[in-house]
Structure formats: structure tokens, C-alpha cells
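Just so it is clear: chains get the letters A, B, ... in the order the sequence lines come, proteins before strands, and each one is counted from 1.
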Amino acid sequence: MSARKLPAPQVDPETKTFWDGLGEGVLRIKACDACGEAHYYPRHLCPHCGSEKTRWVDTRGAGEIYSLSVMRRGEGAPFAVAYVMLDEGLSMLTNLVGDDLNALAIGQRVRLAPHPSDRSGVGDGQSLPFFTPCGD
Amino acid sequence: MSLRNAACIAGAFEHPTRLAPDMTTPQLHAECAAGALADAGLSLTDVDGYFCASDAPGFGPISMIDYLGLDIRHTDSTEMGGCTYIQHVAHAAQAIATGKCTVALITLAGRPRSEAVQRFRPGAPENAFEQWVGLTNHTSYGMCAARHMHEFGTTSEQLAWIKVAASHHAQHNPHAMLPKVVTVEDVLESPMIADPLHRLDCCVTTDGGGALVVVSPEIARGLDRPVISLLGAGEATKGPSGGLGLDLTVSAAAKSGPRAFDEAGVMPSDIKYASIYDSFTITVLMQLEDLGFCGKGEGGRFVADGNLISGTGRLPFNTDGGGLCNSHPMFRGGITKVIEAVRQLRGEAAPAVQVPNCDLAVATGIGGSLGARHGAATIILERQS
């Protein structure tokens, strides 16, 4: 694939459970027991109501493409940047991978496809939440 | 309290350079400051307020105030990306209205063609979840364009008309980086950068800068320049909102615009000239809709067939050639949007693109990343009779 740099995310106490989940192939979001809303990216305090009554929830790791743009120039091109709308109703910014980037389209079903980040220090090879087209 | 007629823009200056390998960025700030003050008929010793953003060299305003030799009693380094300088005009008016200063100097300068500019912001809370995505402005704005096309049937041809209109204006600007008139076909045949945006859907990258002088109405009336008053201002921000309610077809200008029009007491249909932030063609289209020049989803039809070209179109925009063709100094097009609006209101635009009897203008902008988190600022300006 590409030589694009995939910097390992900084794993901190606020989000360690998220990254641990990805290592097990599970995409986690946070839900708030105070307002009932979920959020991504995960935070200690709920961005919708400010409560700290947030807890981790496993997602199905599936959704559909809300929008995408394939970068055609520069380092590692081509690669696809997208917003995926998770079945749980949250959007997340991610990369799409697959055999044919030109065949990707808004509305297409996609599933989680964890992808290793660069091995470059602490957090070596930490899985990143990429998505790829699926048939369902 | 309202900002209506609270302050006036007395000085405006755009640096003529587009490539400055042998200058420093502080020097460019100083030359822009001198140009804007000379334009107003004021001097450095008159300045008692100073505004710059976080890209200014060194310790922001502390470094620049000392470098420029100012003695100020009010400073503001509010940061909202490229639209910051539109917002600074409003913040300067707030400071003037509350007696904190009387002559505010706003400067921007940078040399992104001549030196590496660090744009990554370490420590941002979203970095762990987004840095690896490789999101640049091209894909960020590309995703907005793709979604707009998906929802409303907007086409690449319609987006191309925005570049075509800008190029028609740029041919009359001797300083424009891209003075050649282009066609819709030229835009569509230029290389794809980030779907669906072609190279000619993107703004230029230029060295350069600009400066503005905002003064109290009393001082403005004593100067030998047309009095350009601020009638209204609005600002807003927008982000992914924790993943809820994503809508890439609407910008923060949907809030900043109405706030500015409401304060000014005028309607989009009253506007004679519009400076619209044009980092990409889609940026213009979405702001036209969000400010109410047309309905949501109608932007493609609104901009088509040269409707933004001065002299023939319904809404003359960016008559200096804008960021798409003239200049986009330091990746920040906010200050040049205000400068061209001032030129139009004074009757000092290039004769071929001057809007007749131009007495009411809007300058609006987007800062940050439209497809991720961004800000918007809008001001309404009027020439006093």
C-alpha cells in the first residue's frame, strides 16, 4: 500500500480503553447516563451536557459512508478520507481502505478494519480504526 | 449595545508582493502597517490598539508591538484561522465602543512560499483520533463538496464558475498571482487534487500580507478619506459536535451571517458587493447559501453562468481576484476580503470591476477546516454619505 505516515496516537488515561478495544477488534464510543447521548471522539466529560457520568460502550463496528474525498497528490497518495456514520448514530472521521478507492461512494456500507500505525516508539503498532466496504 | 456605526475602517493596505524570499515576516507586518496607516493619513504614534493572530512571529502581540514601536493600551490576538481579520474588525469596534482604544491596527503577514510554516497544532484534543487520518484542507473541503453534490446535485461545472468569475476580476489586478482568464473547461481539465476538487478549485498560496486601521467615528470624520462604517458583525464556530448531527453542507456562516445582517438592519438583497472567503470554490458556494443570497442547495445554480462577475452578474464578488486568483497570504484570506470591500466602498477598485454606487458591502470568511472544526466571521460595511 502507501508509504503514508500513520503516526501512532498518543494513548492517555482518558482514552486508553478506546485504544485497548481496537487492539481486540472492537470500536468503542462513550455514552452518557445523564443525558442519554453518545459521543465520539471519547472524552471524560460528555460534550453534550457536561456530565462526567460517561461510560464505554462497544459498537457493532459498522456503518455507512457519509462523505469521502480521495487525496490524489502528495505523500502516500492516493488515500481516502471519509466520515463514516456508525449504526449507533455517530459520525467519525477515518480512512477507508479497499481494493478500489474509485469505487467508494456515499451511502456504501462499511465495517471496521483495524490497521496498524507506524512502529515509532511508545504505542508501537497501535491499531487505528480504519473502515472498508462490506457486503451487508 | 450594538456595534452599528461604532467604528470605521480608515485605512486598508494589501502588500503587493506574492513572493518574498529576501524579506522577513516581521518586516512584512511592518510594511503592511505603514501602508495602512499612510492610507488612513495616520501614523504609528496614533495607534493605541493592536490586533494580530497566533501566526504572528514570536510571542504574538507582545513581540510585534515592540518590533513595530507601538505604545498601546489595548491588544487582542483572537485566533479564528483565516477569517480572523474579519473578526478583528468587529473586536476592534467593540474596544473602540467601550473606550479601550481609538485607533486599532490589525496586521497579517507570512511567507509560506519562502519558508516552511508549521500548521500542525500539537496537543489538540482531537489529534489522537484524527492526526493519522491525513486530513488536509483539500480532503476536508473535498468532503463538503462531495456531500453537497450528493444532496443537492451540485456539479463540478457550477463550482468551476466561481473560479471563472474570480479570474475575470484578476485580469484587472496587476498584482494578481493568476491574472489569466480561465474557462469552466480549464478548471475541469486541471488535475484532480482531492475529489471532487481540481487544482483550479483551490486558492493560491502566496507570501504577503495586509493591514487595516479601525478608528472611532470621530477620528474617521476628521480624516481626508471616505467614511466606511461598520454596521453589523457576527461570528460563530462549528465542529463535529461529538459525532451528533453532522451536516457538511452547512458552515458556521449560517449563524455568523444572520447575526451580522440582523445587527446591521439590512438584507442580503441590499448588498452591492460581497467579499466571500474563497479558500476553495466550495467555500464560496456554501457561504452564499448560508448568508441567504440563495436557498440551501441552490448555490450551484446561483453561481453558474457568470453570475458573480462584476458588471454582468447579479452579485459581484471578490473583485480583486480573491484567494482563488489574487492572493491568499499566509493561508489566510480574511484581511484581503476586508481590503477589497473597502476599495469597492471608496470607489477605488479597478475601474473595470468597480461596482457603480457601491455603498453597502459584506465581507465574510471561514477559518480552520470546513469539514472538521471551523469558525466564521461576517461584517457589514457602509459608506457614509
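Heavy atoms from other residues, nucleotides or ligands lying under 6.0 Å from CD of B/Glu126 number more than 12. More than 12 heavy-atom neighbours from other residues, nucleotides or ligands sit within 6.0 angstrom of CG on A/Asp100. No more than 12 heavy atoms of other residues, nucleotides or ligands sit less than 6.0 Å from atom NZ of B/Lys255. The environment of A/Glu52 atom CD is sparse: at most 12 non-hydrogen atoms of other residues, nucleotides or ligands sit within 6.0 angstrom.
In this structure, no portion of A/Met92 lies under 4.5 Å from any heavy atom of chain B. Residue contact with chain B, scored on non-hydrogen atoms closer than 4.5 Å, involves the backbone and the side chain of A/Tyr66 alike. Of the atoms belonging to B/Pro191, it is side-chain heavy atoms, and not backbone ones, that fall under 4.5 Å from chain A. Heavy atoms of A/Ala38 lying under 4.5 Å from chain B belong exclusively to its backbone. In this structure, chain B has a heavy atom under 4.5 Å from the side chain of A/Glu37, while its backbone stays farther away. Proximity to chain B (any heavy atom under 4.5 Å) is restricted, for A/Leu68, to the backbone atoms N, CA, C and O.
The backbone N or O of A/Ser69 sits nowhere less than 3.5 Å from a side-chain atom of B/Asp195 that would complete a donor-acceptor pair. The closest donor-acceptor contact from the side chain of A/Arg73 to the backbone of B/Ala194 lies at 3.5 Å or more, if one exists at all.
Contact tally against chain A (heavy-atom pairs below 4.5 Å) for B/Gly371, B/Ser140, B/Cys144: the top residue is B/Gly371. Across B/Ala372, B/Pro240, B/Gly242, B/Ser241, the residue that shares the most heavy-atom pairs under 4.5 angstrom with chain A is B/Gly242. Of the listed residues (B/Leu248, B/Asn127, B/Leu197, B/Thr136), the one with the most heavy-atom contacts under 4.5 Å to chain A is B/Leu248.
The minimum heavy-atom distance linking A/Leu90 with B/Leu244 is given by the pair CD2-CD2, 3.6 Å. B/Trp132 and A/Arg4 make their closest contact through O-NH1, 2.9 Å (heavy atoms, listed as atom of the first residue, atom of the second, distance). Of all the heavy atoms in A/Leu93 and B/Leu135, the pair that sits closest is CD2-CD2, 3.9 Å.
Between the OG atom of A/Ser67 and the NE2 atom of B/His148 there is a distance of 11.5 Å, given to the nearest 0.5 Å. A distance of 11.5 Å separates CD of B/Gln131 from NZ of A/Lys5, quoted to the nearest 0.5 Å.
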Dump the intermediate steps for side chain to side chain contact (heavy atoms under 4.5 Å, CB included) on A/Ile106 and B/Met149, then the final yes or no.
CA-CA 10 Å; A/Ile106 292 174; B/Met149 290 175 169; over 6 Å; no
- Would you sort out whether A/Thr15 and B/Phe129 count as a side chain to side chain contact (heavy atoms under 4.5 Å, CB included), showing the intermediate values? CA-CA 10 Å; A/Thr15 58; B/Phe129 300 90; 3.5 Å; yes
Requested in this report: Report the C-alpha separation of A/Met71 and B/Ile193 in whole Å, then their side-chain angles, then the decisive distance to 0.1 Å, and conclude whether the side chain to side chain contact (heavy atoms under 4.5 Å, CB included) test is met.
Outcome: CA-CA 6 Å; A/Met71 188 67 190; B/Ile193 301 297; 4.2 Å; yes
